[in-house]
Number of protein chains: 2
Amino acid sequence: MSKVRPDAPVTAEPAMIDGIFRALADPTRRNVLERLSERPTSVSELAAKHAMALPSFVEHLKILESCGLVSSRKVGRVRTYSLAPDRLRLAEDWLGTQRRLWEGRLDRMDDYLLRLKMEENR
Amino acid sequence: MSKVRPDAPVTAEPAMIDGIFRALADPTRRNVLERLSERPTSVSELAAKHAMALPSFVEHLKILESCGLVSSRKVGRVRTYSLAPDRLRLAEDWLGTQRRLWEGRLDRMDDYLLRLKMEENR
DNA sequence: CAAATACTAAGGTGTTTACCTAAGTATTGC
DNA sequence: GCAATACTTAGGTAAACACCTTAGTATTTG
């Protein structure tokens, strides 16, 4: 069980989250992540499904690697990318925290409306 | 209920998700979302905490609204923004799906390693 | 060893982003 | 009514992005 999870007050984090969300904002890059969740894959195999010049595509891979969402190793002339799940969790944590916050807010609003109603009925 | 083909993105409405992740990629905008999860707030009150010219800040609000993460209403001269939780869920869903996929992948790898070990011990 | 393969580097282009200032337009308070 | 308030509009800039082409460099493979 390898888990990078310091007890973070996840709400507001550094520029790291910027980079992760930015990386996720592109469909090419999301597709790469989806495919890497199946298995590690070489640059050319990943690139084959994208109608784009290779250097352009490789740039996307570099972006994913630079924010830590994937890692790569070169063996011979082949570079293979794999998913690096820890970082995705950062983004998920932020969203989860947010959801909890707005759910809390909705609950408070419910309470408020309930109290209003009770006063009306009094 | 058609299942998507293995090499196709699992995600629906990619353009919408692009916009949402892009919106989340900026710390100013994330901070606005965090504050709106407390309560609806006017433009000037939101802007007060950001060292930025008002028109610049308002641009961030427009971005959040254009991708549906928040909504606004103007009453008199005051425009009030509030959180619109549905869309955040889209981003969360994508990440959740991804997590399930890579967890599946890790499980398969565990199985594989387990089988290897059992063969060794035979 | 030559040719094919798998990237990698370098540099160029048009668009989008994230800010700015200056000058509006409605509303509201006195 | 006049001034303060709360945005809005218009426009301008520098840097980042997402592509491209052309030309490399290592590594296999026949």
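These numbers were taken from a predicted model, which means no experiment stands behind them. Labels below follow one simple rule: chain letters A, B, ... track the order of the sequence lines, proteins then strands, and each chain is numbered from 1. The figures that follow rest on heavy atoms only: side chains count, while hydrogens, waters and symmetry mates do not.
Here the side chains of A:L61 and A:V70 are not in contact, with every heavy-atom distance at 4.5 Å or above. Contact of the B:R73 side chain with the B:T80 side chain is not registered, since no non-hydrogen atoms from C-beta on lie closer than 4.5 Å. Using a 4.5 Å heavy-atom cutoff, the side chains of A:Y81 and A:T41 are not in contact. Proximity of B:L69 to B:L24: side-chain heavy atoms (C-beta onward) are separated by under 4.5 Å at one or more points.
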>> Strictly under 4.0 angstrom, non-hydrogen atoms only: write out the protein contact profile of nucleotides 6-19 of chain D, one letter per nucleotide from the 5' end, B, S or -.
In response: SBBB-------SSS
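Between the A:R35 side chain and the A:L46 main chain, a donor and an acceptor come within less than 3.5 Å of each other. Using modelled atom types, one side-chain atom of B:R29 and one backbone atom of B:A23 make a donor-acceptor pair closer than 3.5 Å.
A:T28 pairs in a side-chain contact (heavy atoms from CB on, under 4.5 Å) with only one of the listed residues (A:K49, A:H50, A:E59), which is A:H50.
A salt bridge is defined here as a Lys NZ or Arg NE, NH1 or NH2 lying under 4.0 Å from an Asp or Glu carboxylate O, and A:R39 with A:E45 meets this definition.
Terminal axes of the helix from C:dC1-D:dG30 to C:dC30-D:dG1 (five pairs each, C1' rotation axis) are separated by 20°, to the nearest 10°.
A:V78 and A:L54 fall into different hydrophobic clusters, where Ile, Leu, Val, Met, Phe, Trp and Tyr residues are linked whenever their side-chain heavy atoms come under 4.5 Å apart, directly or through other members.
For DNA chain C, the contact window with chain B, defined by any atom under 4.0 Å from a protein heavy atom, covers C:dT17 to C:dT28 in 5' to 3' order.
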